[in-house]
2 protein chains.
Amino acid sequence: MINSRLSVAIHILSLLASHPRERVTSEYIAGSVQTNPVVIRRLSSLLRKAGLIESAPGIPGALLAKPPEAITLLEVYEAIFAEENLFSIHSGPNPGCPIGQNIQRTLNASFERAEQAMKNELARQTLAETMEHLFA
Amino acid sequence: MINSRLSVAIHILSLLASHPRERVTSEYIAGSVQTNPVVIRRLSSLLRKAGLIESAPGIPGALLAKPPEAITLLEVYEAIFAEENLFSIHSGPNPGCPIGQNIQRTLNASFERAEQAMKNELARQTLAETMEHLFA
DNA sequence: CGCTTTGTAACGAATTTAGTTACATTTATA
DNA sequence: TATAAATGTAACTAAATTCGTTACAAAGCG
């Protein structure tokens with residue numbers, strides 16, 4: 001089971017989307033997520049580097065950097081998990097065995113396709129749609 | 001990143017598929033995966049309960065319970081991860097906040113769709129195809 | 001200048017992961 | 001029937017991961 005960072009990241013963005021053009025502090029967001037503000041700032045840092053939010057030292061609060069219609073859940077996923085693969089593959093299988101020798105390459109191709117299918121679905125969903133579901 | 005159990009499970013099944021109608025011991029499989037036989041038997045236990053392999057105490061080795069064409073990678077995934085969700089959702093968001101109140105339900109629907117897309121792709125791939133890739 | 005907030009490093013407890021030891025149970029066989 | 005070999009599973013361990021926390025430098029605002 002994948003960790004809850006994507007979940008919290010989308011929570012952060014939803015909160016910003018629900019306060020358009022207002023700056024919302026990590027303390028306030030932490031109150032909604034019910035966690036420590038540092039947890040929020042850690043994820044916000046990734047979201048900022050990905051160009052999804054704007055924030056800066058000394059200036060309280062963060063803003064969405066783009067309209068919610070222009071933010072897909074895939075962008076959020078990529079911001080949080082970057083180059084990480086969805087599935088890990090066991091390391092060091094026996095190269096003296098024909099299966100062991102080729103299993104990593106083969107599984108990599110299989111898992112890549114499964115991961116891509118998942119990402120395609122995330123790309124179909126926007127933050128704007130998430131907001132609609134939140135308030136429906 | 002999801003743990004390497006699916007990876008090892010498919011390795012096990014590939015090895016069994018490459019020795020049709022032969023019983024292959026956990027010790028031998030462990031030699032190919034390069035791990036401890038107990039790790040193999042733990043996963044084999046799940047595969048057996050899912051009806052993918054046959055094995056029994058006192059009888060050395062395991063066999064595929066179905067032809068490789070009849071085993072999809074989704075079946076293997078389900079055998080290993082059962083009811084587990086792909087993404088976790090942070091627990092205890094603030095119910096006093098409209099976002100906090102609805103985020104879990106909303107994310108659950110989103111993540112469910114992403115997970116289903118991934119599973120659909122795994123369902124399209126069979127162990128037989130994996131074997132072809134292994135030897136191509 | 002003093003207050004508040006961000007950004008980030010560093011640490012800790014709880015959980016997960018993969019490997020290991022141990023052993024009861026079952027079957028085949030000498 | 002006794003022995004050997006393998007399975008199935010519980011229990012333990014070290015390492016890694018996850019999430020929360022403390023600490024603090026740097027930045028902006030009144």
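This is a predicted model, so every value here is computed, not measured. When reading the values below, keep in mind they use all heavy atoms of this one structure, side chains included, and skip hydrogens, waters and symmetry mates.
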Would you indicate what [X] reaches in the nucleic acid, counting non-hydrogen atoms under 4.0 angstrom: base, sugar-phosphate, or nothing?
{"X": "A:R42", "answer": "base"}
{"X": "B:S44", "answer": "nothing"}
{"X": "B:N36", "answer": "base"}

In whole Å, I'd like the distance from the [atom1] atom of [X] to the [atom2] atom of [N].
{"X": "B:L43", "N": "C:dT17", "atom1": "CG", "atom2": "C1'", "answer": "12 Å"}
{"X": "B:Q34", "N": "C:dA18", "atom1": "CD", "atom2": "C1'", "answer": "15 Å"}
{"X": "B:N3", "N": "D:dA16", "atom1": "CG", "atom2": "C1'", "answer": "13 Å"}
{"X": "A:E54", "N": "D:dG28", "atom1": "CD", "atom2": "C1'", "answer": "16 Å"}
{"X": "A:I29", "N": "C:dG7", "atom1": "CD1", "atom2": "P", "answer": "10 Å"}
{"X": "B:Y28", "N": "D:dT7", "atom1": "OH", "atom2": "P", "answer": "14 Å"}
{"X": "A:L16", "N": "C:dT6", "atom1": "CG", "atom2": "P", "answer": "11 Å"}
{"X": "B:L46", "N": "D:dT9", "atom1": "CG", "atom2": "C1'", "answer": "12 Å"}

For the pair [X] (side chain) and [Y] (backbone), establish whether a donor and an acceptor sit closer than 3.5 Å, ignoring hydrogens and angles.
{"X": "B:S88", "Y": "A:I2", "result": "yes"}
{"X": "B:T25", "Y": "B:Y28", "result": "yes"}
{"X": "A:N94", "Y": "A:G100", "result": "no"}
{"X": "B:E75", "Y": "B:T72", "result": "yes"}

Closest-nucleotide 5' rank along DNA chain D - winner of A:P57 and A:R5: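 The residue whose closest nucleotide sits nearer the 5' end is A:R5.
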Closest-nucleotide 5' rank along DNA chain D - winner of B:S88 and B:I59: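 Closest to the 5' end, via its nearest nucleotide, is B:I59.
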Of the options [options], whose atoms approach the side-chain atoms of [X] most closely?
{"X": "B:S45", "options": "D:dT9, D:dA27, D:dG8", "result": "D:dT9"}
{"X": "B:T35", "options": "C:dG19, C:dT17, C:dG7", "result": "C:dG19"}
{"X": "B:P60", "options": "C:dT8, D:dG8, D:dA6", "result": "D:dA6"}
{"X": "B:V38", "options": "D:dT22, D:dT9, D:dG28", "result": "D:dT9"}
{"X": "A:R48", "options": "D:dT7, C:dG7, C:dT6", "result": "C:dG7"}

Distance test, side-chain N/O of [X] to OP1/OP2 of [N], below 4.0 Å:
{"X": "A:T25", "N": "C:dT5", "answer": "no"}
{"X": "A:S4", "N": "D:dC19", "answer": "yes"}
{"X": "A:R41", "N": "C:dT6", "answer": "yes"}
{"X": "B:S55", "N": "D:dT7", "answer": "no"}

Which word best sums up how the rings of A:F111 and A:F87 line up, parallel for under 30°, tilted for 30 to 60°, or perpendicular for over 60°?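 Answer is tilted, since the angle falls between 30° and 60°.
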Over 60° means perpendicular and under 30° means parallel, so tell me whether B:H11 and A:H90 are parallel, tilted or perpendicular.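 Answer is tilted, since the angle falls between 30° and 60°.
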On DNA chain C, check which nucleotide each of A:E27 and A:M1 is closest to and give me the residue with the more 5' one.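 Between the two, 5'-proximity favours A:E27.
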